[in-house]
Amino acid sequence: MIIHLSNTITNANAQALAEELDALLISKPEHHVLVTSHTMHTVPAELSGMVLEAWDMPTDMQLSSRLYQPHTHRVMIGDTYIGGDGQNQLMIAGPCAVESREQIEQSCQMLQGLGIRVLRAGCYKPRTSPYTFRGMGEDGLMLLAEMRDKYGVLIATEMRDATHADKVVEYADIVQVGAKAMYDHGLLTAAGQCGKPVILKRGFSSTLQELVHAADFVMSCGNEQVILCERGIRSFETQTRFTLDLCGVSWLKEHCNLPVILDPSHAMGYAYGVADLARACTAMGVDGLLIETHPNPCEAKSDAAQQLSHEQFEAMYKSLGVVAGAVGKRLV
Ligand code: PEP
Ligand code: MN
């Protein structure tokens, strides 16, 4: 249950009530928000006279539910936004990982040429094998910060675990929580306290319900700037790396009040399918795309098979504008 309490109640009193009711408190200037488990169905007697409005929620998808707030949250991304009126489709592009100054600089030049605002690149890579490249760490973050100053790009980069969460928060403009980290409550808490937009990727074995619960986790720590990312789930099919769950995206658009972006690169696992999938996602009217592209994919230290060359990326990007226009969206 979500309960709005009048802001005439002091923070200390609201906190005491929250503790008494085993509820979570988010204090906003307009009102206090109390969130209890969804198993509570009536407003507790202790709150009589203080309640502005209350919602009896059917599941613990609460703050992220359209039953609570019907309109999609507007998340500011530099001088633009996604969500809100739903007109914008944000392009987020760049290599899987920062590998060198030359590689990341070439990536920025390509994005700048197309007017794309957000550079993605990981510095702490969650790898399946311990013998593969795990990222440049803080040296990579420093290179990204340099690129932000030089090219004016915004930086989206991921937190792999709690050991470096504070560093990522310090350098990133958009913090990414990766698929393998979706259940890491330490990271979800760090994301909830970071004060920056968060891309929350769906775990590849996670249900939609688990994804939205993870989103509620971040939001319940006070950060409403959450962007959900569908990046493919594991199915019985092994010819492609994962299966992009477009039905799930429709479900999220229907039930969840957060912007949804798609990552066809990790879903497909091979460069050849990425442009087609990106156009299909754009035709669905999604809020953004996250695409991996590398100046020399054959030499990429991670996810080489799925990264588009810059030529492939530019060709795909040109075709996306037409599809976006057809569904009333503009690429930002
Ligand atoms: C990535 O974006 O490079 C990445 C590791 O993605 P995911 O967490 O979806 O596997
Ligand atoms: Mn990758």
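Atoms within a ligand are numbered from 1 in the order they appear, just like the ligands themselves. Just so it is clear, the model here is predicted, and its values are computed rather than measured.
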Point to revise | Carboxylate-amine/guanidinium proximity below 4.0 Å for R74 and D85 | key: no
Review point. So, does R66 use its side chain to make a donor-acceptor pair with the main chain of N257 at under 3.5 Å?
Key: no
**Study point:** Ionic contact status for D173 with K196, cut-off 4.0 Å
**Key:** no
Kindly print each ligand 1 N/O atom paired with any protein N/O atom under 3.5 angstrom away, one pair per line, or none if nothing qualifies.
from     : atom 1 : to   : atom 2 : distance (Å)
ligand 1 : 2 (O)  : R120 : NH1    : 2.7
ligand 1 : 2 (O)  : Q176 : NE2    : 3.0
ligand 1 : 2 (O)  : K201 : NZ     : 3.0
ligand 1 : 3 (O)  : R120 : NH2    : 3.0
ligand 1 : 3 (O)  : K125 : NZ     : 2.8
ligand 1 : 3 (O)  : H266 : NE2    : 3.1
ligand 1 : 3 (O)  : E292 : OE2    : 3.2
ligand 1 : 6 (O)  : K201 : NZ     : 2.9
ligand 1 : 8 (O)  : A179 : N      : 2.8
ligand 1 : 9 (O)  : K201 : NZ     : 2.9
ligand 1 : 9 (O)  : R231 : NE     : 2.6
ligand 1 : 9 (O)  : R231 : NH2    : 3.4
ligand 1 : 10 (O) : R231 : NH2    : 2.8

Study note, to complete from the structure: Among N, O or S atoms, E292 approaches the Mn ion (ligand 2) most closely through OE2
Practice item. Give a yes or no on whether a salt bridge exists between D287 and K329, defined as a side-chain N under 4.0 angstrom from a carboxylate O. Key: yes
Practice item. Taking the Mn ion (ligand 2) as the reference point, name the nearest N/O/S atom of D303. Key: OD2
Check your understanding: Which of these passes ring-ring contact (aromatic ring centres under 6.0 Å, His included) with Y68: H4, H38, H255?
Key -> H4
Check your understanding: Where the Mn ion (ligand 2) is the centre, what is the SG-to-NE2 angle for C96 and H266, rounded to 10°?
Key -> 170°
Practice item. Give a yes or no on whether E102 atom CD has more than 12 heavy-atom contacts from other residues, nucleotides or ligands under 6.0 Å away. Key: no
Point to revise | Over 12 non-hydrogen atoms of neighbours within 6.0 angstrom of CZ in R134 | key: no
